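Have a look at the structure below, then the notes.
The model shown is predicted, which means the values in this text are computed figures rather than measured ones.
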Amino acid sequence: MTRQRQLNRLFHLMVVCAVLGPTLGVTLLPGFRMTGFRVVLFLLVAGLIIRRIRHHSPELSPLVPVRRYVAFFACWAIYGWVSLAWAAHLESGLKYSSFLVMMLLLCLSFPYFIHSSGSIRRSSRILFGVFFVLVIFGLVESLTMWHLPVSRYFGENQPYPTSFFTNQNDFATAITLGLPFLVTALYMIPMRRWNKGVVYATGVIALVCLLMTGSRSNSGFALPLAGLVWGLLIPFTVERWKLNRTHLIKGAGLLLLAILLVHLLTSILLSQHSRDKLGSTLGVFQDLQGWDFREGGEEELKQAASGDQSIHTRKALIANGLRLLHQSRYLGVGAGNIEYYMQGMPGVDKTNIHNWWAEVLVNFGVVIFIPYMALYFLLLYRLWRLARVKGPKLPSPWIRWGAVSSLIALIGYFFGGMSPSTAIHFTPMWVVLGFALAVVAAGSREREASSPRGRDSA
């Protein structure tokens, strides 16, 4: 086996361990768990360093098409460590900065190891296998009420599936990130009928698990947004010859069948509490009205229209976070220090800000947040250019599928990112972001190779 193949296998093993999370690990010290992801990441980095020393070459050419993101990630990591100079709680800052470096390395490993449509195909099969395990275990978990030790419901007879995650919101966000890849694969990737059946069934089970989590931000906001984007993209990302009456009727029939199956299964499996929670989604809009950003301001506690106080709490967390941002001169409170400052602040009984976008803004300030959002939108634009059906020569089906799926998933994450308590170590987000960068890099190489200049230099 060549060294490159060994590194590729380590990369895929790292991705599997990253998504399955702390379940694959042991607690060595209080507050420290040695996970499979950390071990394999260390081995992969060590292997790359050894190869670098032996070949006397940095071998960074795979990252050239996404060099802006590499440069920004490096600046982000450096700024995170620099921010410890004014961080009030150094231990939290060190822990958070270490997580940031590991997640950035995980993200950049995708464009580094995935070079072509063939490697996209191989990696996608592995990622599908992991997603399949997540949702199947989530379904079994809900039926048997047996939870893994990492689950918040471990040892309790609770019907809420958390799968390999700590809470059901994380599991729900992972589902909404993965569903676009399944749905678009059914008509964009050439597959055998049996494989399409497995993908279709997995998508139905994933939808059932999503509803059983009771996550309103994902079921009521992220999923509809992703569905809307998917519907709007179809005329621009599917070849004209496929948009005939036969295919449209077949697609509508499969969609209707999926809705009926999900309705049937949830009518049997969905707990009453989850029904009540999902049924109160419209009340969230009322709870979102009225914000108090005044210094020291505290909202009067009102009866929540959605049935619980979680929306009021999240509003207070964001309002307090923005006050902290203002007090930090918009430089951020320092990596991982939101929780330290949030203790005892008005209107909250939690310390995590429960919003990824606010987490980046308050921890790192506008210095990081503005370029982060600019590059995020740039990535969406580059995915759109690869996804659309335009030009004499289209990218390969696997690259176009990856572009469409990543585009839908990352747009849906605008709401999905408001569900996890913190996303710094929420690996599914970093995996999808890294996969999107890999698709952009592979698409750029393919276009360059097919251009007249690329053929002449070949």
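The distance from the CD atom of Gln4 to the CG atom of Leu7 is 5.5 Å, given to the nearest 0.5 Å. The distance from the CD1 atom of Ile114 to the CZ atom of Arg121 is 12.0 Å, given to the nearest 0.5 Å. Taken from CZ in Arg388 to CG in Leu233, the straight-line distance is 12.0 Å, to the nearest 0.5 Å. Here the straight-line distance linking atom CG of Leu410 with atom CZ of Phe435 works out to 11.0 Å at 0.5 Å rounding.
A ring-ring contact (aromatic ring centres under 6.0 Å, His included) with Phe364 is found for one member of Trp76, Phe369, Phe72, Trp357 and no other, namely Trp76. Results of the ring-ring contact (aromatic ring centres under 6.0 Å, His included) test with Phe221 over Phe415, Tyr413, Phe414 single out Phe415 as the only residue that passes. Just one residue in the list Asn355, Asp170, Asn218 forms a side chain to side chain donor-acceptor pair (under 3.5 Å) with Ser419, and that residue is Asn218.
No donor-acceptor pair under 3.5 Å is formed between the side chain of Gln168 and the backbone N or O of Gly214. Remark: side-chain polar atoms of His147 are paired, donor with acceptor, to backbone N or O of Gln158 under 3.5 angstrom.
No more than 12 heavy atoms of other residues, nucleotides or ligands sit less than 6.0 Å from atom CZ of Phe132.
A heavy-atom distance below 4.5 Å is not found between the side chains of Trp146 and Glu141.
Residues that satisfy the side-chain contact (heavy atoms from CB on, under 4.5 Å) test with Ile249, not counting sequence neighbours, are Arg245.
When ring centroids are compared, Phe171 and Phe164 stay outside the 6.0 Å threshold.
Under the 30°/60° scheme for interplanar angles, the aromatic rings of Phe73 and Tyr69 are found to stand perpendicular.
Side-chain atoms of Glu359 and Tyr96 form a donor-acceptor pair, as typed in the model, at a separation below 3.5 Å.
Screening residues 391-412 for ring pair (Phe, Tyr, Trp, His ring centres under 6.0 Å), with sequence neighbours left out, gives Phe181-Trp401, Trp398-Trp401.
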